[in-house]
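First up is the structure itself, then whatever we jot down about it.
Position 1 is the first residue of the sequence; numbering continues from there.
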Amino acid sequence: MEQLRCVVERITYQNAENGYAVIKCRAKGYPELVTVVGAMPDVHVGSVLNLGGTWKINAKYGRQFNVETFEETLPATVYGIEKYLGSGLIKGIGPAFASRIVKQFGEKTLEIIEEDPGRLMEIEGIGRVRVERILKSWEEQKEIKNIMLFLQSHDVSTAHAARIFKTYGADSLKVVQENPYRLADDIWGIGFKTADTIAEKLGFEKEKYVRLRSGLLYTLNRLSEEGHCYATRAQLLKTGAELLGVDEDVLSMTLDEMVRTGQVITEKIPEKDTEDGAAQEPAEKAAEKAIYLPPFYFSEAGTAKRLTAIFNNPEGVNVPTIALAEQISMKTGIAYDEIQMQAILTAVQSKILLLTGGPGTGKTTTTLGIITAFRAAGARILLAAPTGRAAKRLSEATHMEAKTIHRLLEVKPPEGYQKNEENPLKGDVLIVDECSMIDVMLMYHLLKAVPDTMTLILVGDIDQLPSVGAGNVLRDLIDSGCFPVVRLTRIFRQAMKSRIILNAHRINEGKLPDIRGGRESDFFFMDMEKQAQKKGLDETDSAVLAQEAAETITELVSEKLARYYHTPPAEIQVLTPMQRGVIGAANLNLLLQSALNPGGDGLSRGGYLFKAGDKVMQIRNNYEKEVFNGDIGSVESVDREERTLSVRFDDRSVTYDVSELDELVLAYAATIHKSQGSEYPIVVIPILMNHYVMLQRNLLYTGITRAKKILVLVGTRKALGYAVRNVTVENRNTMLSDRIRSLLPQR
C-alpha cells in the first residue's frame, strides 16, 4: 500500500449515503492535481488528508489514487490553512477573510482561533459579532468532528453528524453510545440500519429489547412508505425476523409488549366476502390481526368517523333545484351534458360528493358549475388542493382563492394545525382537488377541521398513482359504496384535439398510444433502438440504449425543445420511473445541471452541488419552513461563508443551512411519483426496460397527464407495450372502506 499526503482542492463528486467521493488534490512531488477516489466521508476543500491506497489507470478518467485508508488532519501549511478556512466550513469566514487572516497570522492561524480568538479583530472587516460567530462555529465543528471520528471508527457514513449534533448538542456522543436506536426515532434521514450498524460495533446483543423494538418500528415505517396503513401480524414478524436475524418467537414477545404499552395498536382484519356471500378466507385466516403504528390507526378510524358525521348531518346550504340547470348554463356560458349536470345536482343535494374522471372529461368545468350553484344560494366556498402547484391551477381555473391543505389548516410548528375540531374552518362548502394524492393522515387532519354542517366535494382521478403517503383514500371512499360518486367519462370535443389526452385514455383502456408524431402533434415518441442502429451501436444492449436516452434527453431539454417551442428549459420537466440508474432522476439531474447550469461555486450535500440558478425539490414536509414534499423552487443565492442557500418557492424565499440540504434534491428531473398534482408545459419521460420493475399502466398514465402542451417519450416500443399491459398494481393494506361500511349503510 502506498501513502499519499495531500490537500483537497476540489470535490468533483460526493455521496452522503456511503461516503464515496471523487476529489482533486494537491500533493507534494506531483506538479498537477491528483485525482483521488474512494470512501472519504464528509471531506471538505482545504482538508489535509493522509491516504493509504494504490494507483490505478481508469480507461475513461486516467490515473487515479484508490483510497483504502483515510485520515483527516488539521492543515499544517499556510496554503492548507487558507484552503481549509476558505472552504465555508467555519461560518463567518469565506475565501476573502481566510486570505486576510492567514496573511496576518500565517502558520499560527489555527492556534490563534483556538486560544486567542480576540486577535481576529486585528483583521480589517472583522468585528466582535463576527468573531463570536466564528468562535461558535469553530466549537461546533470540533464537536461535530468528534462525532464524525466516532462514527467513522464504526464504519458508518458521517454525513448525518451535523444533524446529530443539532439534535443532541453536547450530549451527542453520550446518546449514541447509550442507545444508538434513538437516532432512528429522533432524526429524519437516519434509519434503523445505520443505528443498527453502530449498535453492532458497540457490542449490543442481537436480542436486546431496544433493538427488536426499533426493528419492528422500522419495518412498519417501511411498509407505510410503500402505502400500507398496517401490517398483518404474520407479515410483520416474518419481515422483522429476516431483518433482525432472530427467531419469530423472540420477536413475537417483543411485539406483545409493544401492544401492551400502546406503542402499536392491533385489530382484527374483517373477512372479505365473495359475491355469493361465502367467506373468502379459511377460518384461521379470518382471525388475522392488523398491526398499526398509532398515527395511522387513529387517522384511518378518525377519517371514517368524521366522514360519517358530516354525511349524516342534515344541516347545510339549501340550494333550490328548480330550473337550476338553465340558470347555471346561463351564468357560466357552458353547455353541461347529462352526467355533469347530475354531478352538480348531487353536489347541492348531498353532504358529500366524490367526483372523478380522466383528463379532458370536464372535471374543472363541472366544478365551476358546482361553485356557481352554491354561490347563487349565498354559500361561502373554500377551495383547496394538496400541493402549491395544484392549488394555483385550481385558483386560475375558478378565479377564486385556493390554498394548499397545509395553508388552509394553518400549520404552525411546533403546535401543529391551528384549524381543528376546536377551531374549525369557517364556510359552507369545501371543494378539494387532486384528491388521489391525499394520504390518510392528511385527510384526517383536514376532516377534523371540517364542521359537520359543511358540504364536502372531493375531486380527483382514481386512475392516477395513489398517494405517496400511506392509504388509498379516494379509491377507498369510492369502493365503500356509501357516498354519491359521479364518474365523468366523455372526452369533450376541445380535448379531443390533444393527442396527449386521447393517448392517456387509450393507455387507461390497455391500448397502445398513437405515436405517429407530426408537426401538429403534441405527443412524440423517440425510438432509441432506431437511433442506436443509425449510429452503428448495438440496439439490443440495454446499457447502450440507456446511455443514448440520457444523452437525447439532455439535448432535448437544453436545446431542441427549448428552441423549437420558445420555452425556457426551467419549464421543461423530465419525469422518470425511478431514482436510480443511468436514466434515473439522480443521474439525469447531474447531466442536466451540467448542461443548464455549469460552473460556479455552491454547497455540497448528498452527492449534489447546489448552485445559484439550480432547480430544486423539497423531499420532506418541513412545517417550520412551510415547504412540503414535492414543492419545486430555484436556488436564488448561495452564501459559502455562512454555509446557507436561499430557495425561491413561488412567492417567497426560504433559507437552508448546509446541514438541512438533505431535504433538497436537484429537480431538473424527478420521479413520476413526485410529480403528482403538478402540470408542466413540456414533459419528457424515459421509458426503457431498465426500469421494468416500475413500468405500470397507472405510472405511465400519471406521467403523461402531467404534460400541458407537449409530451415526449424517449425509449423503446417494448418498454412502452410492457407498461401499458402491466396492471399488476400491489394492493395497499387499508381498512378505511370497511370502517366506513360499518358506520354507514351502503347506497
Under 3.5 Å donor-acceptor, [X] side chain and [Y] backbone:
X	Y	answer
Ser395	Lys392	no
Asn621	Phe628	no
Arg130	Gly92	yes
Lys24	Thr12	no
Asn587	Gly584	no
Ser137	Arg133	no
Ser224	Ala470	no
Thr219	Gly215	yes
Thr197	Lys193	yes
Asn597	Ala612	yes

Heavy-atom distance under 4.5 Å between the side chains of [X] and [Y], does that happen here?
X	Y	value
Val468	Asp439	no
Arg26	Leu33	yes
Pro569	Ser558	no
Ile572	Tyr668	no
Val627	Val647	no
Gln618	Arg620	yes
Leu442	Met437	no
Leu661	Phe610	yes

Specify whether [X] and [Y] have parallel, tilted or perpendicular ring planes, treating 30° as the upper limit for parallel and 60° as the lower limit for perpendicular.
X	Y	answer
Tyr623	Tyr417	perpendicular
Trp55	Phe65	perpendicular
Tyr13	Tyr20	tilted

Please report the closest heavy-atom contact between [X] and [Y], naming both atoms and the distance.
X	Y	result
Asn66	Lys56	ND2-CB, 3.5 Å
Arg640	Leu603	CA-CD2, 4.4 Å
Gly602	Leu609	C-CD1, 3.6 Å
Leu4	Tyr30	CD1-CE1, 3.8 Å
Ala669	Asn589	N-OD1, 2.8 Å
Ala384	Ile405	CB-CG1, 4.3 Å

Nearest 0.5 angstrom please: [X] [atom1] to [Y] [atom2], how far?
X	Y	atom1	atom2	value
Gln104	Thr109	CD	OG1	9.0 Å
Leu592	Ile553	CG	CD1	8.0 Å
Asp662	Tyr656	CG	OH	11.0 Å
Gln573	Ile632	CD	CD1	5.0 Å
Asp196	Arg211	CG	CZ	4.0 Å
Ile438	His445	CD1	NE2	13.0 Å

[X] atom [atom1]: more than 12 heavy-atom contacts under 6.0 Å:
X	atom1	result
Glu624	CD	no
Arg100	CZ	yes
Glu124	CD	no
Arg652	CZ	yes

List the steps and the verdict of side-chain contact (heavy atoms from CB on, under 4.5 Å) for Leu244 and Tyr218.
-> CA-CA 11 Å; Leu244 295 160; Tyr218 168 78; over 6 Å; no

Would you say the side chains of Asp614 and Gln593 form a donor-acceptor pair under 3.5 Å?
->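 Asp614 vs Gln593: donor-acceptor pair found between side chains.
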
Under 3.5 Å side-chain donor-acceptor pair for Glu636 and Ser653 | yes

Step by step, work out the side-chain contact (heavy atoms from CB on, under 4.5 Å) result for Arg128 and Met121.
-> CA-CA 7 Å; Arg128 187 168 299 283; Met121 286 194 288; 3.5 Å; yes

Pairs where residues 405-414 contributes a residue and the test salt bridge (charged side-chain N to carboxylate O under 4.0 Å, His left out) is met, not counting sequence neighbours =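 Those involving residues 405-414 are Arg407-Glu626.
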
Using the test side-chain hydrogen bond (donor to acceptor under 3.5 Å, both in side chains), find all partners of Asn50 that sit at least two apart in sequence or belong to another chain.
-> Arg5

Can you name the residues that form a ring pair (Phe, Tyr, Trp, His ring centres under 6.0 Å) with Phe97, not counting sequence neighbours?
-> none

Do Glu663 and Lys625 meet the salt-bridge criterion of a basic N to acidic O distance under 4.0 Å?
->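 Answer for the salt bridge query: no.
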
Asp116 and Lys108 ion-paired at < 4.0 Å =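 Judged by the 4.0 Å cut-off on N to carboxylate O distance, Asp116 and Lys108 do not form a salt bridge.
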
Dump the intermediate steps for side-chain contact (heavy atoms from CB on, under 4.5 Å) on Ile198 and Leu183, then the final yes or no.
-> CA-CA 10 Å; Ile198 299 170; Leu183 302 180; 3.9 Å; yes

Start with the C-alpha distance between Ile123 and Phe105, add both sets of side-chain angles, then the distance that settles side-chain contact (heavy atoms from CB on, under 4.5 Å), and finish with yes or no.
-> CA-CA 10 Å; Ile123 309 298; Phe105 301 120; 4.0 Å; yes

